[in-house]
Amino acid sequence: MRKVLITGANGFVGANLCRHFLARGWDVHGLVRKTSDIHSLKGLDVKLIFGELQDPDTFRIPADIDHIIHSASIVSDRADDETCRRNIYLLAVNLARKIEEMPRPLRRLVHISTALTLGFDATGISEEKPGKPALFFAYTRNKLRAEQFFLDQWKTRGLPVVILRPGDVFGPHDRVSSVELLKACERGVPLIVGKGRHRFGYCYSGNLCQAAELALTKEGIEGRAYTVTNGSLPTWREFLKGMQRGVGRKQRVYVPVWSAFALAAIFKGVHKLRPSFVPRGTYYRIKRVTSETTYDISKTILDLGYRPDDRTDLQIREIVAWYLKEKEDGFIK
């Protein structure tokens, strides 16, 4: 039986990866903190390893592990550089140290990065055709540093790493973006700005899991990076209307683009005066939903044999069904 260790196994991406690999007969080990909420792994036959990637002396990678997926990471467009350094870049450094201590060579390491390292606000973004830089985020800067570190380890030490750069990942067990959006839908917040006609780099969690398995098992792709999104991308209007419909809401008021940016500027001013105030509407977030951002996944399809599931309507219904069940069971307030 093939064995895989998933870091950050209790997180959104990690929990979906655990389900995916268990369903395909893998022996799944999950690295989690002792203090972690492991509700998302309830009922799964995941062999838990308790430890802190920030303190690599707190755990040991089992000697018979052949494959590792590194999904542990902070995900934030607000966190400062030191927080991101500790929770993104240093996790990569510490994991590489633990892999060096393993008694036999690793077959493959898949590192989950972000498509933002290639930029945004453009169509067909790739390494050869980057978008507008997103390095003003500490998150993106440290994701890029982690990528560069792992690729250097491949060049100098032969670490068999493959990097995946997913777009905007949504799916069940997403307790951040999806929950925040669905709660806003239920409150009647007008989420669609302008006409909502622009597409974005939507990546369903199941598609990311498919790409991760391919990246673990495909021969001869070490040292490469692949972007992952759905093949057919929804507009923000299509996606958000699906979320609203799922919770029985319909948007009747549409916010003009100029007023959304004006409101974001006001929120920024309030935050400067009262740092405890956390604005949900920021310039970047408004920019993302009012401009086109798509990524070129042709290399992912060609090299990996990736075949994205593009049933966006069904995927949205699955996200909403998970959200409503979590609310019913008291896990979402």
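In what follows, every heavy atom counts, from backbone to side chain, and hydrogens, waters and symmetry copies are set aside. The shown structure was predicted, so the numbers you read here are calculated from the model rather than taken from an experiment.
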Side-chain donor/acceptor of Ser71 to backbone N/O of Val13, under 3.5 Å: no

Parallel, tilted or perpendicular: ring planes of Tyr202 versus Tyr204, cut at 30 and 60 degrees: tilted

Report yes or no: do Ile221 and Ile301 belong to one cluster of Ile/Leu/Val/Met/Phe/Trp/Tyr joined by side chain heavy-atom distances under 4.5 Å? yes

Report yes or no: do Ser291 and His198 form a side-chain donor-acceptor pair below 3.5 Å? no

Report yes if the side chains of His271 and Lys268 come closer than 4.5 Å at any heavy-atom pair, otherwise no. no

Is it true that Asn230 and Gln315 share a donor-acceptor pair across their side chains at a distance under 3.5 Å? yes

Are any of the side-chain heavy atoms of Lys299 and Glu128 separated by less than 4.5 Å? no

Would you check if Leu191 and Trp236 make a side-chain contact, meaning some heavy-atom pair closer than 4.5 Å? no

Would a 4.5 Å heavy-atom cut-off, applied to side chains only, mark Leu214 and Tyr226 as touching? no

Counting N and O atoms only, with roles assigned by atom type, does the side chain of Arg33 sit under 3.5 Å from a partner on the main chain of Glu52, one being a donor and the other an acceptor? no

Establish, yes or no, whether a centroid distance under 6.0 Å links the rings of Phe120 and Phe200. no

Does Arg249 reach the main-chain N or O of Gln244 with its side chain, forming a donor-acceptor pair under 3.5 Å? no

Please examine the side chains of Val4 and Arg2, heavy atoms only from C-beta on, and report whether any two atoms are closer than 4.5 Å. no

Does the side chain of Glu238 pick up a donor-acceptor pair with the side chain of Thr312 at under 3.5 Å? no

Is there a donor-acceptor pair under 3.5 Å between the side chain of Glu147 and the backbone N or O of Ile163? no

Check whether Lys195 reaches the backbone of Tyr254 with its side chain - one donor and one acceptor, N or O, closer than 3.5 Å. no

I'd like to know if the side chain of Asn16 reaches the main chain of Pro172, judged simply by a donor and an acceptor atom lying under 3.5 Å from each other, with no hydrogens or angles considered. yes

Does any donor atom in the side chain of Asn142 or Asp81 lie under 3.5 Å from an acceptor atom in the other side chain? yes

Which of Thr300, Ile69, Leu208 passes side chain to side chain contact (heavy atoms under 4.5 Å, CB included) with Leu164? It is Leu208

The single option from Tyr89, Phe149, Phe150 that satisfies ring pair (Phe, Tyr, Trp, His ring centres under 6.0 Å) with His111 is Phe150

Are the side chains of Thr117 and Arg165 in contact, using a 4.5 Å heavy-atom criterion? yes

With the side chain counted from C-beta on, respond yes when Lys218 and Asp303 share a heavy-atom pair under 4.5 Å apart, and no when they do not. no

Less than 3.5 Å apart, any donor N or O on the side chain of Gln54 or Asn87 sitting next to an acceptor on the other? yes

Between Phe170 and Phe239, how do the two ring planes meet: parallel, tilted or perpendicular, split at 30° and 60°? tilted

Looking at Glu82 and Arg85, does any basic side-chain N land under 4.0 Å from a carboxylate oxygen? yes

Would you call the rings of Phe261 and Tyr283 parallel, tilted or perpendicular, taking 30° and 60° as the class edges? tilted

Can you tell if the side chain of Arg288 reaches within under 4.5 Å of the side chain of Asp168, non-hydrogen atoms only? yes

Report the relative orientation of the aromatic rings in Phe136 and Tyr284; use parallel for angles under 30°, tilted for 30 to 60°, perpendicular for over 60°. perpendicular

For the pair Ser73 and Lys143, evaluate side-chain hydrogen bond (donor to acceptor under 3.5 Å, both in side chains) and give the outcome as yes or no after the intermediate values. CA-CA 9 Å; Ser73 171; Lys143 278 292 191 181; 3.2 Å; yes

Is atom CZ of Arg86 surrounded by more than 12 heavy atoms (other residues, nucleotides or ligands) closer than 6.0 Å? yes

What I want to find out is whether Glu101 reaches Arg97 closely enough, with some N-O distance under 4.0 Å, to be called a salt bridge. yes

